[in-house]
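Below: the structure, in structure tokens.
Predicted model, so just to flag it, every value in this text is computed and none were measured. The first residue in the sequence is number 1, and the count goes up from there.
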Amino acid sequence: QVQLVESGGGLVQAGGSLRLSCSVSGRTFSIYAMGWFRQAPGKEREFVATINWSGGSTIYADSVKGRFTLSRDNIKNTVYLQMNSLKPEDTAIYYCALDYSGSYSIHRSEYDYWGQGTQVTVSS
């Protein structure tokens, strides 16, 4: 079984920064891609960013492009989402997810395991 644990969420003023972490444990011997999604109250869970196994390829949602940076440390089995220039519309629960196929997709259905989420609140 695979476990994903997010951390780093919190309350920040608009224009501020946060760094989210997602630690992966369990059966992690296979090559996998990682993604971040978010869900605001009353809205669907939406794609934020994804990264392939090597960390050499990333995809970002247009809404976060240029502000968020996704990276990974395969020795520590951890991925990081650096969020800068935060806006009130970034307020949501952020979830990390693991995709064993390695396809680093923007689609929720491609991901096999999910974390419990971490709350990010950006005040205006």
Side-chain angles (χ1 to χ4, degrees):
Q1 189 69 348
V2 175
Q3 294 83 39
L4 283 67
V5 179
E6 302 98 335
S7 61
L11 173 63
V12 64
Q13 289 188 331
S17 298
L18 284 174
R19 189 176 81 155
L20 304 184
S21 299
C22 176
S23 177
V24 181
S25 61
R27 294 181 61 196
T28 57
F29 53 85
S30 298
I31 295 174
Y32 57 86
M34 295 293 298
W36 283 91
F37 292 75
R38 67 187 182 185
Q39 188 166 17
K43 294 188 176 181
E44 294 285 320
R45 191 172 299 188
E46 65 175 6
F47 168 75
V48 175
T50 184
I51 189 167
N52 71 339
W53 163 249
S54 69
S57 295
T58 52
I59 302 173
Y60 296 94
D62 288 343
S63 59
V64 307
K65 200 172 295 182
R67 301 187 297 122
F68 290 11
T69 302
L70 183 55
S71 61
R72 65 189 297 163
D73 183 336
N74 287 340
I75 302 298
K76 296 182 179 179
N77 281 341
T78 301
V79 293
Y80 304 98
L81 183 66
Q82 178 66 44
M83 307 186 296
N84 298 329
S85 302
L86 283 162
K87 305 174 181 179
E89 51 263 44
D90 294 317
T91 295
I93 300 174
Y94 284 70
Y95 299 90
C96 69
L98 182 150
D99 169 16
Y100 266 127
S101 76
S103 62
Y104 68 113
S105 171
I106 66 171
H107 302 293
R108 290 180 296 172
S109 59
E110 296 293 322
Y111 290 82
D112 303 288
Y113 295 95
W114 293 81
Q116 293 299 306
T118 185
Q119 177 71 48
V120 171
T121 303
V122 184
S123 63
S124 57

Legend entry - Worked verdict on N74 versus W53 for side-chain contact (heavy atoms from CB on, under 4.5 Å): CA-CA 8 Å; N74 287 340; W53 163 249; 3.7 Å; yes
Legend entry - Of T69, I59, L70, the residue whose pairing with I51 passes side chain to side chain contact (heavy atoms under 4.5 Å, CB included):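 Of T69, I59, L70, side chain to side chain contact (heavy atoms under 4.5 Å, CB included) with I51 is met by L70 alone.
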Legend entry - For S57, side-chain contact (heavy atoms from CB on, under 4.5 Å) partners two or more places apart: N52, Y104
Legend entry - For I93, side-chain contact (heavy atoms from CB on, under 4.5 Å) partners two or more places apart: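 I93: side-chain contact (heavy atoms from CB on, under 4.5 Å) contacts with Y95, Q119.
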Looking at every heavy atom in both [X] and [Y], which two are closest together, and how far apart are they?
{"X": "S85", "Y": "S17", "result": "N-OG, 4.3 Å"}
{"X": "S103", "Y": "A33", "result": "N-CB, 4.3 Å"}
{"X": "C22", "Y": "M34", "result": "SG-CE, 3.9 Å"}
{"X": "A92", "Y": "A40", "result": "CB-N, 3.8 Å"}
{"X": "S23", "Y": "T78", "result": "CA-OG1, 4.1 Å"}

Legend entry - F47 CZ to R108 CZ distance, which is reported to the nearest 0.5 Å: 13.0 Å
Inset, instruction - Output the distance between atom OH (Y94) and atom OG (S7), rounded to the nearest 0.5 Å. - result: 15.0 Å
Legend entry - Derivation and outcome, side-chain contact (heavy atoms from CB on, under 4.5 Å), residues Y113 and V24: CA-CA 10 Å; Y113 295 95; V24 181; over 6 Å; no
Inset, instruction - Check whether more than 12 heavy atoms from other residues, nucleotides or ligands sit under 6.0 Å from atom NZ of K43, and answer yes or no. - result: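 Incorrect, the count does not exceed 12.
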Legend entry - CD (E89) with more than 12 external heavy atoms under 6.0 Å: yes
Heavy-atom check, side chain of [X] versus side chain of [Y], under 4.5 Å:
{"X": "E46", "Y": "R38", "answer": "yes"}
{"X": "F68", "Y": "T58", "answer": "no"}
{"X": "M83", "Y": "V12", "answer": "no"}

Legend entry - Sidechain N-carboxylate O distance under 4.0 Å for D62, K65: yes
Inset, instruction - Tell me whether L98 is reachable from Y80 by hopping between hydrophobic residues (I, L, V, M, F, W, Y) whose side-chain heavy atoms are closer than 4.5 Å. - result: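 Looking at the clustering, L98 is in a separate group from Y80.
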Legend entry - Hydrophobic cluster identity match, L4 and V79, side-chain contacts under 4.5 Å: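 They do share one cluster, since a chain of ILVMFWY contacts under 4.5 Å joins L4 to V79.
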Inset, instruction - Output all residues satisfying side-chain hydrogen bond (donor to acceptor under 3.5 Å, both in side chains) with Q82, sequence neighbours left out; order by chain, then residue number. - result: N84
Inset, instruction - Evaluate the side-chain contact (heavy atoms from CB on, under 4.5 Å) criterion for residues D112 and Y32: first the C-alpha distance (whole Å), next the side-chain angles of each, then the deciding distance (0.1 Å), finally the verdict. - result: CA-CA 10 Å; D112 303 288; Y32 57 86; over 6 Å; no
Inset, instruction - Keeping the roles fixed (side chain from Q116, backbone from V5), state whether a donor-acceptor pair exists under 3.5 Å. - result: no
Legend entry - E6 side chain vs L20 backbone, donor-acceptor pair below 3.5 Å: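 Looks like no, no N/O pair under 3.5 Å.
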Inset, instruction - Measure from NZ or CZ of R45 to the centre of the six-membered ring of F37 and say whether it is under 6.0 Å with the direction within 45° of the ring axis. - result: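 No, R45 does not lie over the aromatic ring of F37.
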Inset, instruction - Please report the C-alpha distance between Y60 and R67 in whole Å, then the side-chain angles of each, then the deciding distance to 0.1 Å, and finally whether the side-chain contact (heavy atoms from CB on, under 4.5 Å) criterion is met. - result: CA-CA 10 Å; Y60 296 94; R67 301 187 297 122; over 6 Å; no
